[in-house]
Amino acid sequence: MNIDQLIAEAKVARDKAYVPYSKFKVGAALLAEDGTVFHGCNIENAAYSMCNCAERTALFKAYSEGVTKFTVLAVVANTDRPVSPCGACRQVIAELCSKDMQVVLTNMNGDIQKLTVEQLLPGAFSSEDLNE
Ligand SMILES: O=c1ccn([C@H]2C[C@H](O)[C@@H](CO)O2)c(=O)[nH]1
Ligand SMILES: [Zn+2]
């Protein structure tokens, strides 16, 4: 599975977005070390704060199946720049993925930004900060 193929998977995931309120579809594809690909889309709710982003959908699907080691997360939306994950997703990604895991942000025009998890949320608050 190369990056272009993973982006294609993220676009398939994006087509399943449930976005009656924002109409803004986002797709994610998370590649596990064992080669499994987990799709995620954003899923909205009439109680707006219950909306779940594509990135967290993919990660929670994987974790809930017992898969916790990943190599790449690709995210796609129809944005002018490569889609920018929200702060909540950056925090969740920092918790559940290794610091050096690759994150590939893209859009429907093919613009691509590649980051590590550490670059996505430098200095993220983590479990190590809980040690008093
Ligand atoms: O990286 C992002 C940014 C936004 N959204 C979703 C949340 C909401 O459903 C819609 C508009 O913010 O897009 C994602 O899924 N991922
Ligand atoms: Zn988010």
Side-chain angles (χ1 to χ4, degrees):
M1 172 75 49
N2 63 34
I3 296 297
D4 286 345
Q5 289 169 324
L6 195 66
I7 289 171
E9 295 285 337
K11 288 176 180 170
V12 172
R14 180 175 173 270
D15 284 335
K16 304 216 171 57
Y18 173 74
V19 289
Y21 307 105
S22 74
K23 321 277 191 213
F24 182 74
K25 295 189 288 181
V26 186
L30 180 64
L31 179 60
E33 278 184 6
D34 68 3
T36 310
V37 175
F38 291 89
H39 284 184
C41 62
N42 51 336
I43 301 170
E44 300 186 340
N45 194 283
Y48 294 166
S49 63
M50 298 296 105
C51 294
N52 203 65
C53 295
E55 300 91 319
R56 279 177 288 147
T57 302
L59 267 167
F60 294 162
K61 282 175 65 181
Y63 261 75
S64 64
E65 296 296 330
V67 180
T68 61
K69 303 284 179 219
F70 314 107
T71 56
V72 193
L73 172 68
V75 191
V76 66
N78 188 19
T79 38
D80 289 341
R81 59 176 179 165
V83 63
S84 178
C86 78
C89 286
R90 289 174 194 243
Q91 182 67 33
V92 170
I93 292 165
E95 175 87 23
L96 300 181
C97 304
S98 65
K99 274 183 171 19
D100 62 349
M101 191 194 84
Q102 196 174 26
V103 181
V104 178
L105 308 176
T106 188
N107 61 15
M108 300 306 279
N109 302 326
D111 301 310
I112 293 184
Q113 183 181 14
K114 293 181 180 172
L115 301 166
T116 63
V117 167
E118 173 64 20
Q119 289 170 326
L120 196 64
L121 187 60
F125 182 78
S126 80
S127 59
E128 289 162 27
D129 295 305
L130 295 173
N131 297 325
E132 289 189 45

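Just so you know, ligand 1 is whichever comes first in the structure, and atom 1 is the first atom listed for that ligand.
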(request) Would you indicate whether Asp80, at its atom CG, is surrounded by more than 12 heavy atoms from other residues, nucleotides or ligands within a distance under 6.0 Å? (result) no
(message) Starting from Ile43 and following side-chain heavy-atom contacts under 4.5 Å between hydrophobic residues (I, L, V, M, F, W, Y), which residues can be reached?
(response) Tyr18
(message) Is it the case that the side chain of Glu44 and the backbone of Tyr21 share a donor-acceptor pair, with hydrogens and angles ignored and the cut-off at 3.5 Å?
(response) yes
(request) For the atoms SG of Cys89 and SG of Cys53, give the angle they form at the Zn ion (ligand 2), rounded to 10 degrees. (result) 110°
(request) Indicate the atoms forming the closest heavy-atom contact of Arg56 with Cys89, along with that distance. (result) NE-SG, 3.2 Å
Please tabulate, one line per pair, the protein nitrogen or oxygen atoms found under 3.5 angstrom from a nitrogen or oxygen of ligand 1, with distances to 0.1 Å, or say none if there are no such pairs.
from, atom 1, to, atom 2, distance (Å)
ligand 1, 1 (O), Glu55, OE2, 2.6
ligand 1, 9 (O), Asn42, ND2, 3.0
ligand 1, 9 (O), Glu44, OE2, 2.5
ligand 1, 13 (O), Asn42, ND2, 3.3
ligand 1, 15 (O), Ala54, N, 3.0
ligand 1, 16 (N), Glu55, OE1, 2.9
ligand 1, 16 (N), Glu55, OE2, 3.4

(message) Can you confirm whether the side chains of Asp100 and Thr116 place a donor and an acceptor under 3.5 Å from each other?
(response) no
(message) As an exercise, state the distance from CD of Gln91 to CG of Leu120, rounded to the nearest 0.5 Å.
(response) 10.5 Å
